[in-house]
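In what follows, a structure is listed as structure tokens, so that the remarks can point back to it.
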Amino acid sequence: MPVMGGGNDFMDWLGPDMSIKVLMCLEDPSDLVRASTVSKSWRQFVIENGFSKQLCLRMFPEMSSFAGAIEISNMIDIEEVQSNGMEQEILEKNHRVFACLANGLSSSLRPDCIAQAISASSTDNYPEEAIENTLSPGDRILQSASYWSSEGEIDPSIPESLVYKLISNFSVVTEIHVQPFQAYFQYGHPIYSSKAVRFRMGHQWFPMERSSDATNDPAAGFNALEDRYVWTYTSPVFPMAQENSLQKFILPEPAFCIGGILLIELLGRVQRQEMDGLYYICVSHVQVVGRSFSEEFDIEIHDPSGKCTLKYLPRAQEECQSAIAPGGFDTVLSLMQSDGIEQMIMERLLGAEGDDDSDDSDEYYLPAL
């Protein structure tokens, strides 16, 4: 109950410093949204102190550099915010967007975060043994073998790499699964695994646009992986067993992939092919487990340094509607009698239909505050 015995607001009774400490203890985005619907003063307190943004940073500290790179666009100049009286509007947008973002960070994991296979460092027989085969579960399609194979090498230390595009430019990856291929059609049924595996995540060197043709053809104009991509995350090296199984590699901490590019480095070769005496690496299936954000969120990277803008696109509602199970905020909805910031947030989190009158535009660019 927000009102105390003397008619004082609970936050007035605690004071701003203690109120901040109390609200900083909230770990569920829905609880923070509920707090912002108690009263106008509570709403203002939540917005002005940026609790939604801070919650995102607590959930994933790796966002600190990304959040600091958020910049304003949409014909608004940061230096003019104070004089034009637009500071409150920007605070409200930050509150709304980061509340939805925090919800996305707490959504359930999905095992199908790969959108497409981009390229392999080598392919023995194309297209029969192309990287696209690794998107299909198992090692057979109908009666045919399904796998990617590298070219043969005399030196077993020569690595190989596979590059994939994730389903979102903004993802959190928790584990990656790789299944080596067992050549059941060769004598002895050899398994062409690598000795170890390592993962990198990042983005393209050039700016990413949602409708850019370059995004669909990242290799255009480049001759090496180092020239095509900027890697912002590198995992430890994991040993790989020479077994015909979907091997799970759990990252030490959930990793942010800003840019949607995944590189799988296959380090070292263990199996020599009897017919030619060369070492090969073969993979039948790759799977990425994580959280991929809905189309309400997108990342635009401006330069190779990684400076980027977080885009919030409220028109893309279908994915956001499925991000949270319905019914979690029924008690809160009764508190909302008019269209406001909290109602808009609740509509996004619940998947309710409604219009947002806080801005005429459908796309928001958030500044670093």
Just how far is it from atom [atom1] of [X] to atom [atom2] of [Y], taken to the nearest 0.5 Å?
| X | Y | atom1 | atom2 | value |
| --- | --- | --- | --- | --- |
| Phe45 | Ile20 | CZ | CD1 | 4.5 Å |
| Ser157 | Lys195 | OG | NZ | 8.0 Å |
| Tyr192 | Arg272 | OH | CZ | 11.0 Å |
| Leu162 | Ser119 | CG | OG | 8.5 Å |
| Ile118 | Ile131 | CD1 | CD1 | 8.0 Å |
| Thr234 | Arg198 | OG1 | CZ | 7.0 Å |

Under 3.5 Å, is there a donor-acceptor pair between the side chain of [X] and the main chain of [Y]?
| X | Y | answer |
| --- | --- | --- |
| Gln116 | Lys165 | no |
| Thr232 | Met201 | yes |
| Ser150 | Ile281 | yes |
| Asn49 | Phe51 | no |
| Arg269 | Ile158 | yes |
| Thr123 | Asn125 | no |
| Ser168 | Ser171 | no |

Going by atom types only, do [X] and [Y] share a side-chain donor-acceptor pair under 3.5 Å?
| X | Y | value |
| --- | --- | --- |
| Tyr280 | Glu129 | no |
| Glu175 | His177 | yes |
| Gln242 | Gln271 | yes |

(message) Once you measure the plane-to-plane angle for Tyr184 and Phe181, does it fall in the parallel (<30°), tilted (30-60°) or perpendicular (>60°) bin?
(response) perpendicular
(message) Is the ring pair Phe256/Phe170 parallel, tilted or perpendicular, if the boundaries are 30 and 60 degrees?
(response)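 Phe256 vs Phe170 ring planes: parallel.
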Is [Y] reachable from [X] through a run of hydrophobic residues whose side-chain heavy atoms are each under 4.5 Å from the next?
| X | Y | value |
| --- | --- | --- |
| Val288 | Trp148 | yes |
| Val163 | Phe199 | no |
| Ile264 | Val289 | no |
| Leu266 | Val237 | no |
| Val172 | Leu251 | no |

Going by heavy atoms in the side chains, are [X] and [Y] under 4.5 Å from each other?
| X | Y | result |
| --- | --- | --- |
| Leu135 | Val286 | no |
| Gln179 | Asn244 | yes |
| Asp139 | Tyr147 | no |
| Tyr233 | Val173 | no |
| Leu267 | Pro159 | yes |
| Thr134 | Ile114 | no |

Using every non-hydrogen atom in the two residues, find where [X] and [Y] come nearest and quote the distance to one decimal.
| X | Y | value |
| --- | --- | --- |
| Lys21 | Cys25 | O-SG, 3.3 Å |
| Leu246 | Gln287 | CD2-OE1, 3.7 Å |
| Asn133 | Ser146 | O-OG, 3.4 Å |
| Val283 | Val178 | CG1-CG1, 4.0 Å |
| Ala145 | Phe185 | CB-CE2, 4.0 Å |
| Ser284 | Pro180 | OG-O, 3.6 Å |

(request) Might you work through the side chain to side chain contact (heavy atoms under 4.5 Å, CB included) test for Trp231 and Leu263, ending with a clear yes or no? (result) CA-CA 9 Å; Trp231 305 117; Leu263 169 69; 3.4 Å; yes
(request) Under the side chain to side chain contact (heavy atoms under 4.5 Å, CB included) rule, what do Ser193 and Val270 come out as? Steps first, then yes or no, please. (result) CA-CA 7 Å; Ser193 67; Val270 298; 3.5 Å; yes
(request) Report, as yes or no, whether the 6.0 Å neighbourhood of atom CE on Met24 holds more than 12 heavy atoms from other residues, nucleotides or ligands. (result)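 Result for CE/Met24: enclosed.
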(request) Evaluate side chain to side chain contact (heavy atoms under 4.5 Å, CB included) for Ser122 paired with Glu153, printing each intermediate quantity in order. (result) CA-CA 11 Å; Ser122 73; Glu153 298 287 351; 5.9 Å; no
(message) Show, in sequence, the C-alpha distance, side-chain angles and deciding distance for Leu26 and Leu55, and conclude whether the side chain to side chain contact (heavy atoms under 4.5 Å, CB included) test is met.
(response) CA-CA 8 Å; Leu26 298 179; Leu55 177 59; over 6 Å; no
(request) May I ask you to check if Arg200 and Tyr229 form a cation-pi contact, with NZ or CZ under 6.0 angstrom from the six-membered ring centre and within 45° of the axis? (result) no
